[in-house]
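What follows is a single structure, written as structure tokens, with notes after it.
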Amino acid sequence: MRASFRGGIHPDPHKELTSKKRVEVLVPPSEIIIPMSMHIGVPCTPTVKKGDTVLMGQKVGDSTAFISVPIHASVSGTVKAVEPRLHPSGAKLMSVVIENDGLDTLCEPTPVPDWEHADAETIIRAIREAGIVGHGGAAFPTHAKLRSALGPVDTLIANAAECEPYITADHRALLEYTDDIVGGLYVLMRVFPNVRVSVAIEHNKPDAIAMMKRATRGDERINVVELETKYPQGSEKQLIRAITGREVPPGKLPSEAGCCVLNVDTIGAIYRAIVNGMPDIRRIVTVSGSAIAVPKNLLVRVGTPISALVEACGGFTDQPQKIIMGGPMMGSAQFSLDVPVLKASNAVLFFSENEDRRVKTPVCIRCGRCIEACPMRLLPTYMYMNATHERWNECEALNVLDCMECGACTYECPGSLHLTQTFCVAKARVMERRKK
Amino acid sequence: MDKPNRLFIVTSSPHVRSTDSTHSLMLDVLIALFPALVVSAFTFGLRALSLTAISVAACIFFEWLYCKLMKKPIPVSDLSAAVTGVLLAFNLPVSVPIWIPIVGAAFAIVIVKQLYGGMGKNVFNPALAARVFLMLSWPAYMTRFTAPHTVLPLLGNVDAVSSATPLGILKEGGSVTLSVMETLLGQVGGCLGETSALALLAGGLYLLYRRVISYRIPVTYIATVAVLALLFPRGGMAALDYTALAVTGGGLLLGAIYMATDYTSSPVTPGGQLIYGFGCGLLTVFIRYFGSYAEGVSFSILVMNALVWMIDANFKPKRYGTSRMENFKKLMKNAFVKNEDTADKGGHA
């Protein structure tokens with residue numbers, strides 16, 4: 001039986017557009033925009049100024065806060081400006097703009113010497129210095145996650161579920177950067193000496209499952225787990241449930257359930273940081289959608305504007321209506337092609353027609369599909385009813401704060417209600433009232 | 001200046017939706033009801049079709065009229081009024097005068113559905129409430145069942161001899177000798193859409209396959225009735241014969257598959273749906289055994305309709321990350337402690 005959880009949905013995968021395409025290296029364009037906020041947590045302060053020469057891999061921003069990571073130049077060149085620039089969040093945020101000299105002159109790499117005997121502290125510190133954040137989409141600083149998991153964790157889950165439609169970045173990483181990922185697992189086994197490792201892959205990627213099984217054969221500590229293909233299988237809490245049968249108590253960290261979940265591409269980045277001394281400055285981005293001429297998987301330097309990705313994919317075949325950074329279920333819509341690729345940008349999608357079915361008067365018919373879809377076993381029907389009447393206490397009693405905004409309810413809703421969108425507002429209101 | 005050279009749509013996630021809409025779900029229900037309509041036309045003649053057509057047209061008309069007068073958006077295209085129309089007709093004996101479905105449609109759509117707020121807001125199943133309203137107002141028409149294949153005028157008034165339904169005969173203390181084939185194919189007296197077990201089951205399977213309904217309500221409802229029939233047969237019948245009759249001989253299948261599963265008037269929580277189906281079954285058997293009516297499906301579903309919100313509030317799914325015991329304690333606390341400060345409020349009301 002394939003590991004799974006209760007609830008969830010089966011959206012059209014559309015992964016065939018890019019799943020068989022090898023990762024192509026995108027030559028970085030002449031201007032690179034490095035925002036000082038590429039992670040959840042405190043933004044960095046720029047450590048360079050206009051006119052400075054920077055090397056590839058050199059630190060350009062840092063912060064002293066715990067939930068934060070330094071940011072590095074992804075190309076070599078000259079700092080053209082340190083100014084607010086458009087960010088995928090929709091705001092203008094402080095960024096370091098680099099004029100690329102095209103030479104990729106590398107900053108002195110700083111690998112951890114003799115990592116096979118290094119202790120957890122050294123490795124976690126090096127992971128922070130390399131600026132590694134979760135590559136799956138949430139961009140949580142990896143060093144903070146590892147530190148919180150020290151001690152109680154007995155299961156390390158390498159998350160390659162990649163349950164969002166269209167995205168094939170992790171799939172390609174499993175196939176083409178297998179050694180980095182397996183190496184990263186061994187680095188992490190230095191941090192957590194007693195863990196069992198589960199590499200979790202949805203069953204719609206049989207080639208990746210076979211590849212990982214082959215690469216980890218002979219090591220009893222590593223187990224490749226086949227997951228049912230279902231959204232949101234890659235969500236941390238659902239994945240823990242599917243693999244270990246345990247559940248994370250509400251409001252607690254996964255370490256409470258003895259688990260630490262890391263995206264596979266993050267694990268590859270950890271290997272490159274510890275063994276090769278390369279900071280987190282590049283990632284695989286799936287460029288896909290109905291409006292793009294040639295959908296591709298590209299190896300992109302962080303800070304590359306998405307217009308360069310469009311160009312590398314042959315431009316548009318059709319006037320795009322919607323640009324999405326990330327997957328169609330949880331990604332954010334963009335209004336400009338000037339926004340840069342961040343450390344956690346796993347896909348950029350271009351839709352020629354608006355795939356979201358919108359109706360003038362959404363009506364709840366109480367069909368209960370949202371309840372069957374909800375992976376957190378909430379009651380979207382009642383949460384929506386209370387939220388639209390601004391009954392925030394009732395929303396809180398219905399555990400609206402457990403909602404992770406996966407969008408499964410909204411996808412299923414035949415009445416075209418804006419469920420997830422309403423719950424975002426409800427969560428914010430409930431939090432405001434708690435603070436008071 | 002980084003001004004976009006064209007405008008893009010920017011909305012909050014998710015950015016894709018399934019293709020199912022209220023319209024498509026209701027269309028599926030209509031498709032599922034079609035085999036039963038065909039059998040009905042075969043059994044009771046073309047008058048079954050004309051009554052159904054009148055009922056559907058009247059439901060759609062009253063929905064349009066009410067929304068027009070109240071200046072509300074007109075939801076006729078979602079087909080829910082058409083479904084109500086078909087179900088209302090299916091709950092009438094074929095011999096009723098043609099104004100009966102029109103009055104019923106007005107009651108169902110205006111009073112039961114729209115006055116409660118319309119689609120998704122009504123507490124009671126419109127078609128069933130209208131049926132009970134008609135039955136209490138014009139009992140003579142509403143209990144005049146004709147034997148299958150009686151020739152009836154297409155639209156004009158009927159003065160046919162009535163023949164009892166199988167459950168009616170049992171109520172009178174008589175004994176029923178029907179073959180299973182007769183009830184499966186609907187060759188018995190009854191309301192025009194309720195008699196053919198096979199056609200109704202086929203439609204039910206279609207709805208399950210299309211994920212329009214879940215198995216929970218129909219299966220628990222039918223199973224409850226079947227188990228009780230097996231344990232307590234009536235009319236001197238063998239247990240198995242009586243069980244077959246109890247399940248296929250009355251309005252149970254139509255009620256369990258198409259009426260009790262009405263989205264708006266049934267629970268949305270999976271646990272609540274099981275309880276609701278069980279409650280419907282229990283009440284149906286009670287009314288059939290101890291009530292003065294031969295049939296109990298309509299009343300039991302309407303009674304359970306009234307309990308839906310209470311059921312939902314108390315049978316919420318287990319919250320992720322909590323134990324079943326914790327949830328059970330909360331349920332008990334909710335049931336017995338009426339102190340505002342300590343009771344876990346259902347979250348709605």
Side-chain angles (χ1 to χ4, degrees), chain A residues 9 11-12 85-86 165 237 241 247-250 252 319-324 328-338 351 354-357 360-361 363-368 371-372 375-377 379 381-382 385-386 394 397-399 402 405 407 410-416 420-421 424, chain B residues 2-26 72-75 78 80 118-122 211-214 216 262-270 272-273 308-309 312-313 316-323 344-349:
Chain A
I9 56 170
D12 281 346
R85 284 291 185 100
L86 198 61
K237 287 180 171 166
R241 167 77 212 211
E247 294 190 354
V248 184
K252 295 280 170 27
Q319 170 75 22
Q321 296 271 328
K322 208 171 198 179
I323 308 171
I324 299 160
M329 295 302 296
M330 291 188 78
S332 59
Q334 303 298 319
F335 55 85
S336 166
L337 290 172
D338 300 329
F351 289 152
N354 191 13
E355 311 248 326
D356 182 5
R357 175 170 40 81
K360 273 194 193 130
T361 50
V363 175
C364 173
I365 58 171
R366 282 177 56 86
C367 62
I371 292 169
E372 287 190 30
M376 294 303 289
R377 304 189 208 114
L379 299 179
T381 314
Y382 288 114
M385 196 184 67
N386 284 304
E394 281 79 357
L398 287 165
N399 306 319
D402 283 4
E405 297 163 31
T410 316
Y411 178 85
E412 284 289 277
C413 183
S416 305
T420 311
Q421 296 87 339
C424 292
Chain B
D2 44 16
K3 211 170 153 193
N5 49 3
R6 54 171 83 85
L7 292 174
F8 301 111
I9 296 171
V10 176
T11 58
S12 178
S13 65
H15 307 287
V16 285
R17 279 181 186 275
S18 80
T19 49
D20 285 347
S21 63
T22 306
H23 174 93
S24 75
L25 295 180
M26 293 299 150
K72 285 171 55 164
I74 292 170
D78 69 20
S80 70
M119 187 72 171
K121 305 281 200 315
N122 48 297
R211 295 201 314 127
V212 174
I213 59 172
S214 91
R216 294 184 209 97
D262 170 40
Y263 289 148
T264 308
S265 57
S266 65
V268 289
T269 55
Q273 291 176 346
V308 161
W309 281 45
D312 269 351
K316 285 186 259 182
K318 185 176 84 78
R319 182 186 186 189
Y320 177 96
T322 60
S323 71
D344 169 44
K345 285 182 210 131
H348 45 73

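The chains referred to below are lettered A, B, ... by the order of the sequence lines, with proteins before strands, and numbering in each begins at 1.
- Electrostatic pairing of B/Asp262 and A/Arg366 does not count as a salt bridge here, judged by no charged N lying under 4.0 Å from a carboxylate O.
- Taking the side chain as every heavy atom from C-beta outward, A/Thr420 and B/Ser12 never approach each other to under 4.5 Å.
- Side-chain atoms of B/His15 come within 3.5 Å of backbone N or O of A/Gly331 as a donor-acceptor pair.
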Trace of the side chain to side chain contact (heavy atoms under 4.5 Å, CB included) decision for B/Val268 with A/Tyr382: CA-CA 9 Å; B/Val268 289; A/Tyr382 288 114; 3.6 Å; yes
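- Here OH of B/Tyr263 is found 12.0 Å from OG1 of A/Thr381. Values are rounded to the nearest 0.5 Å.
- Within the 3.5 Å criterion, the main-chain N or O of B/Lys318 finds a donor-acceptor partner in the side chain of A/Arg377.
- Nearest approach of A/Tyr411 to B/Val16, heavy atoms of both residues: CD1-O, 3.4 Å.
- The candidate with the highest count of non-hydrogen atom pairs below 4.5 Å against chain A, out of B/Gln273, B/Arg211, B/Lys121, is B/Arg211.
- Between chain B and the residues A/Pro375, A/Cys367, A/Gly368, the most heavy-atom pairs under 4.5 angstrom are made by A/Cys367.
- Here CG of B/Leu7 is found 11.0 Å from CZ of A/Phe335. Values are rounded to the nearest 0.5 Å.
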Side chain to side chain donor-acceptor pair (under 3.5 Å) between B/Tyr320 and A/Asp402, worked out: CA-CA 8 Å; B/Tyr320 177 96; A/Asp402 283 4; over 6 Å; no
Derivation of the side chain to side chain contact (heavy atoms under 4.5 Å, CB included) call for B/Leu25 and A/Ile365: CA-CA 11 Å; B/Leu25 295 180; A/Ile365 58 171; 4.1 Å; yes
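- Interface residue A/Thr410: backbone and side-chain heavy atoms are both found under 4.5 Å from chain B.
- Put simply, of A/Pro328, A/Gly407, A/Pro11, the one with the most heavy-atom pairs under 4.5 Å next to chain B is A/Pro328.
- You'll find the side chain of A/Leu379 stays beyond 4.5 Å of the side chain of B/Asp312, heavy atoms only.
- A/Leu398 has its side chain within reach of B/Lys316: a pair of non-hydrogen atoms, C-beta onward, lies under 4.5 Å apart.
- Interface residue B/Ser266: only backbone heavy atoms are found under 4.5 Å from chain A.
- Note: A/Val248 leads A/Val363, A/Val248, A/Ile9, A/Asp12 in heavy-atom pairs under 4.5 Å with chain B.
- Heavy-atom distances place both the backbone and the side chain of A/Pro249 under 4.5 Å from chain B.
- Of the two parts of A/Gln334, only the backbone, made up of N, CA, C and O, holds a non-hydrogen atom closer than 4.5 Å to a non-hydrogen atom of chain B.
- How far OG of B/Ser13 is from CE of A/Met330: 6.5 Å, rounded to the nearest 0.5 Å.
- Proximity of B/Thr11 to A/Lys322: side-chain heavy atoms (C-beta onward) are separated by under 4.5 Å at one or more points.
- In this structure, chain B has heavy atoms under 4.5 Å from both the backbone and the side chain of A/Lys237.
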Salt bridge (charged side-chain N to carboxylate O under 4.0 Å, His left out) assessment of B/Arg216 paired with A/Glu372: CA-CA 12 Å; B/Arg216 294 184 209 97; A/Glu372 287 190 30; 3.4 Å; yes
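- In this structure the side chain of A/Ser416 reaches within 4.5 angstrom of the side chain of B/Arg17, judged on heavy atoms.
- Contact of A/Cys364 with chain B is made through the backbone alone, with heavy-atom distances under 4.5 Å.
- A/Ile371 touches chain B through its side chain: at least one heavy atom from C-beta onward sits under 4.5 Å away, while N, CA, C and O do not.
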